[in-house]
Amino acid sequence: MNRKQFLLGLAVGVLSLGTSLSASADQLADIKSAGELRVAVPQDYPPFGFVGPDMKLKGYDINMAAYIAKELGVKVKLVPVTGANRVPFLQSGKADIVISTLGKTEARAKVIDFSIAYGPTFLGVFGPASVKVEKPSDLSGHTVGFTRGGVEDQMITPLAPKDAVLKRYEDNNTTSQAYLSGQVEMIATINLVAGALVDRAKADRKPEAKFLLRKSPCFVGLNKNEPALKDAVNKAITKAFNEGELNRWSEEFLKAPIPADLITQEPEKVTY
């Protein structure tokens with residue numbers, strides 16, 4: 001191959017690459033052209049995503065998916081995923097965005113992008129109204145249950161006073177049962193678990209938030225380098241927040257109002 005042929009081949013290659021990149025550089029335009037937003041959502045993780053009596057998906061994340069699609073002017077296509085495959089579904093093109101109780105971590109931020117926060121997920125200590133606790137030091141003389149080795153274990157153990165009774169259980173179901181049966185006064189868990197316990201607990205045992213351990217809001221997962229789509233998603237979330245939609249969904253599914261600073265929240269440990 002002579003120099004002229006080499007340069008010609010290089011130019012063709014660069015031109016082809018540029019054409020390919022321009023064709024896929026605006027995912028928002030592709031979504032609007034297709035008339036459909038494919039959203040990876042949970043189907044077995046109430047109250048964020050679950051199958052209702054009518055066999056249709058319901059939940060906080062399902063409402064968020066439908067709302068964003070409406071704001072984009074397209075139909076929504078729900079793509080059920082698990083915790084393990086939600087990011088791979090996005091990366092492989094099986095979904096356009098992920099709305100599946102997705103937390104923001106440093107590892108994930110290396111491979112995908114994130115919207116502003118949309119879901120009020122947090123770790124905290126919950127208990128009945130009769131238990132007057134507002135901060136870790138108030139746990140003195142009280143009994144708290146949580147799952148062994150979980151984030152709750154790691155966070156509450158160093159904060160609790162020496163005379164607090166900390167009871168560790170092997171899994172989330174056992175921990176929940178310990179609270180419902182009265183084996184422990186309070187439970188350290190994620191708010192969605194506490195919300196689910198409200199309907200199962202006796203009237204005098206219905207859990208309410210006592211104090212936070214960690215802010216861990218949910219974010220929409222997006223492909224890297226899609227500024228137009230990210231901006232559109234953020235605008236939809238902001239509108240849902242300002243119009244009170246997020247709060248209505250939270251009251252319905254999570255049994256609690258959303259924090260006033262939700263859409264500006266980042267994952268962070270709460271200090272006392």
Side-chain angles (χ1 to χ4, degrees), residues 45-48 60 83 101-109 117-219 250-251 253-272:
Y45 201 49
F48 284 89
Y60 190 97
T101 59
L102 187 68
K104 184 188 294 187
T105 66
E106 291 183 4
R108 287 174 180 162
Y118 76 89
T121 310
F122 59 87
L123 296 174
V125 171
F126 301 82
S130 59
V131 178
K132 307 303 180 183
V133 168
E134 297 181 351
K135 56 186 181 299
S137 60
D138 294 339
L139 294 175
S140 179
H142 291 289
T143 304
V144 186
F146 45 87
T147 302
R148 185 185 305 278
V151 178
E152 302 91 333
D153 189 349
Q154 300 169 24
M155 299 189 71
I156 197 171
T157 299
L159 292 175
K162 292 183 178 180
D163 61 344
V165 180
L166 306 182
K167 292 193 174 184
R168 296 170 176 82
Y169 298 92
E170 296 307 314
D171 55 56
N172 292 326
N173 286 335
T174 307
T175 303
S176 295
Q177 280 302 129
Y179 176 78
L180 292 172
S181 64
Q183 296 177 47
V184 293
E185 292 177 274
M186 289 169 283
I187 182 174
T189 186
I190 194 168
N191 63 311
L192 66 91
V193 170
L197 291 177
V198 169
D199 293 331
R200 300 170 58 194
K202 297 178 180 178
D204 61 347
R205 293 286 298 161
K206 293 187 180 299
E208 60 180 36
K210 298 301 178 181
F211 60 85
L212 300 185
L213 292 170
R214 178 184 174 87
K215 294 180 181 179
S216 185
C218 302
F219 301 83
S250 184
E251 292 279 9
F253 295 110
L254 307 181
K255 312 303 182 184
I258 59 172
D261 65 342
L262 172 64
I263 61 175
T264 62
Q265 280 188 6
E266 292 290 331
E268 64 175 307
K269 179 179 179 180
V270 179
T271 57
Y272 291 92

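FYI, side chains are in, hydrogens and waters are out, and symmetry mates aren't considered; it's all heavy atoms of this structure.
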Minimum side-chain heavy-atom gap [X]-[Y] below 4.5 Å:
| X | Y | result |
| --- | --- | --- |
| Thr175 | Val193 | no |
| Pro120 | Pro259 | yes |
| Phe146 | Val184 | no |
| Leu123 | Thr189 | no |
| Ile187 | Val125 | no |
| Leu139 | Val133 | yes |

Could you check Glu266 against Lys104 for salt bridge (Lys or Arg N to Asp or Glu O under 4.0 Å), going step by step and ending with a plain yes or no? CA-CA 8 Å; Glu266 292 290 331; Lys104 184 188 294 187; 2.9 Å; yes
Nearest-0.5 Å distance, [atom1] of residue [X] to [atom2] of residue [Y]:
| X | Y | atom1 | atom2 | value |
| --- | --- | --- | --- | --- |
| Ile258 | Ser250 | CD1 | OG | 6.5 Å |
| Glu170 | Arg148 | CD | CZ | 4.5 Å |
| Arg168 | Leu166 | CZ | CG | 5.5 Å |
| Leu102 | Tyr118 | CG | OH | 7.5 Å |
| Lys167 | Tyr179 | NZ | OH | 14.5 Å |

Taking it one step at a time, do Glu268 and Arg214 satisfy side chain to side chain contact (heavy atoms under 4.5 Å, CB included)? CA-CA 6 Å; Glu268 64 175 307; Arg214 178 184 174 87; over 6 Å; no
If only atom types and distance count, is the side chain of [X] paired as donor or acceptor with the main-chain N or O of [Y] below 3.5 Å?
| X | Y | result |
| --- | --- | --- |
| Ser181 | Ala178 | yes |
| Arg108 | Gly103 | yes |
| Thr174 | Tyr169 | no |

Contact summary for [X] and [Y], nearest pair of heavy atoms:
| X | Y | answer |
| --- | --- | --- |
| Pro257 | Glu251 | CB-OE2, 3.5 Å |
| Asp153 | Pro158 | O-CD, 4.4 Å |
| Pro207 | Val198 | O-CG2, 3.8 Å |

If you apply the rule side chain to side chain contact (heavy atoms under 4.5 Å, CB included), what do you find for Ile156 with Val144, and how did you get there? CA-CA 9 Å; Ile156 197 171; Val144 186; 4.0 Å; yes
Relative to Phe122, does Lys215 satisfy both conditions: NZ or CZ under 6.0 angstrom from the six-membered ring centre, and within 45 degrees of the ring's axis?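 That pair does not qualify as a cation-pi contact.
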Any donor-acceptor N or O pair under 3.5 Å, side chains Ser216, Thr121: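 Note: Ser216 and Thr121 side chains miss the donor-acceptor criterion.
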Could you please spell out the steps behind the side chain to side chain contact (heavy atoms under 4.5 Å, CB included) verdict for Val131 and Met186? CA-CA 8 Å; Val131 178; Met186 289 169 283; 3.8 Å; yes
Pairs touching residues 138-147 that satisfy salt bridge (Lys or Arg N to Asp or Glu O under 4.0 Å), sequence neighbours left out: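 Every salt bridge (Lys or Arg N to Asp or Glu O under 4.0 Å) pair that includes a residue of residues 138-147, provided the two are not neighbours, is Lys135-Asp138.
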Salt bridge between Glu208 and Lys210, side-chain N to carboxylate O under 4.0 Å?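 Result for this pair is yes, salt bridge flagged.
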Taking only residues two or more places apart in sequence, or in another chain, which ones meet Ser130 in a side-chain hydrogen bond (donor to acceptor under 3.5 Å, both in side chains)?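 With neighbours one apart ignored, the set is empty.
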Only pairs at least two apart or in different chains count here, so list each side-chain hydrogen bond (donor to acceptor under 3.5 Å, both in side chains) that has a residue in residues 191-205.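 Those involving residues 191-205 are Gln177-Arg200.
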Could you walk me through whether Tyr60 and Thr101 satisfy the side chain to side chain contact (heavy atoms under 4.5 Å, CB included) test, starting with their C-alpha distance in whole Å, then the side-chain angles of each, then the deciding distance to 0.1 Å, before giving a yes or no? CA-CA 9 Å; Tyr60 190 97; Thr101 59; over 6 Å; no
